[in-house]
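The structure appears right after this line, and notes come after that.
Model, not experiment: these values are computed from the prediction. Nothing fancy with the numbering, it's 1 onward along the sequence.
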Amino acid sequence: QVQRVESGGGLVQAGNSLRLSCAASGRTATSGRTFKRLAMGWFRQAPGKERDLVATINFNGGAITYVDSVKGRFTISRDNAKNTLFLQMSGLKPEDTAVYYCAAEDRMFPSHPMNVHYWGQGTQVTVSS
């Protein structure tokens, strides 16, 4: 069973930066893939709203997508040697406030839209004005 643990969330002032990390372990139940062969993504969910895609990254980091609202501010990356996914967030705005989740699809490239098979537990990001 795949397990993911997010960290790096917190309370910051608008304009500041924050880096989220997602440490992954285990194998998927269906294909037996480990982290280095999985498509990954970051989602976020604000109170009263749907969980929305923020960014995706393919298995080796060569293909990346972002939602328009974070382009130029957020950077998704991964370190396959350490089984870790990152989201570097800069120029944070109050509207970025949400619980952020790392996610995996049991493919090497993400579907469009991403079809999530495994979720992390979430980490709270709060941006004050």
- Message: Counting only heavy atoms not in Gln3 (residues, nucleotides, ligands), do more than 12 fall under 6.0 Å from its CD?
- Response: no
- Item | Asp106 and Thr28 side chains, donor-acceptor separation under 3.5 Å | yes
- Atom pair CZ/CD of Arg44 and Glu50 - distance to nearest 0.5 Å: 14.0 Å
- Message: Keeping Arg78 on the side-chain end and Gly61 on the backbone end, is there a donor-acceptor pair under 3.5 Å?
- Response: no
- Query: Is it true that the side chains of Glu95 and Thr97 contain a donor and an acceptor less than 3.5 Å apart?
  - Reply: no
- Do side-chain atoms of Asn58 reach the backbone of Ala39 as a donor and acceptor pair under 3.5 angstrom? no
- Query: How would you list all residue pairs meeting ring pair (Phe, Tyr, Trp, His ring centres under 6.0 Å) that involve residues 102-129, not counting sequence neighbours?
  - Reply: Phe43-Trp119, Phe59-Phe109
- Gln88 and Ser77: side-chain donor and acceptor closer than 3.5 Å? no
- Message: For Thr84 and Ser21, which I'm curious about, is there any donor-acceptor pair between the side chains at under 3.5 Å?
- Response: no
- Task: Kindly say whether Ser69 contributes a backbone atom to a donor-acceptor pair with the side chain of Arg73 at under 3.5 angstrom?
- Result: yes
- Item | Pair Asp96 + Lys93: basic N to acidic O under 4.0 Å | no
- Message: Please check: side-chain N/O of Ser111 versus main-chain N/O of Pro113, any donor-acceptor pairing under 3.5 Å?
- Response: no
- Nearest heavy-atom approach of Ala98 to Ala46 is CB-N, 3.8 Å
- Item | Contact check, side chains of Tyr101 and Glu6, non-hydrogen atoms, under 4.5 Å | yes
- Item | More than 12 heavy atoms from other groups under 6.0 Å of CZ on Arg107 | no
- Applying side-chain hydrogen bond (donor to acceptor under 3.5 Å, both in side chains) to Gln45 and not counting sequence neighbours gives Arg51
- Message: Could you tell me if the side chain of Arg4 sits less than 4.5 Å from the side chain of Gln121, heavy atoms only?
- Response: no
- Residues that, via side-chain heavy atoms closer than 4.5 angstrom, fall in one hydrophobic cluster with Leu38: Val12, Leu18, Leu20, Phe35, Met40, Trp42, Val54, Ile57, Ile64, Tyr66, Val67, Val70, Phe74, Ile76, Leu85, Leu87, Met89, Leu92, Tyr100, Val125, Val127
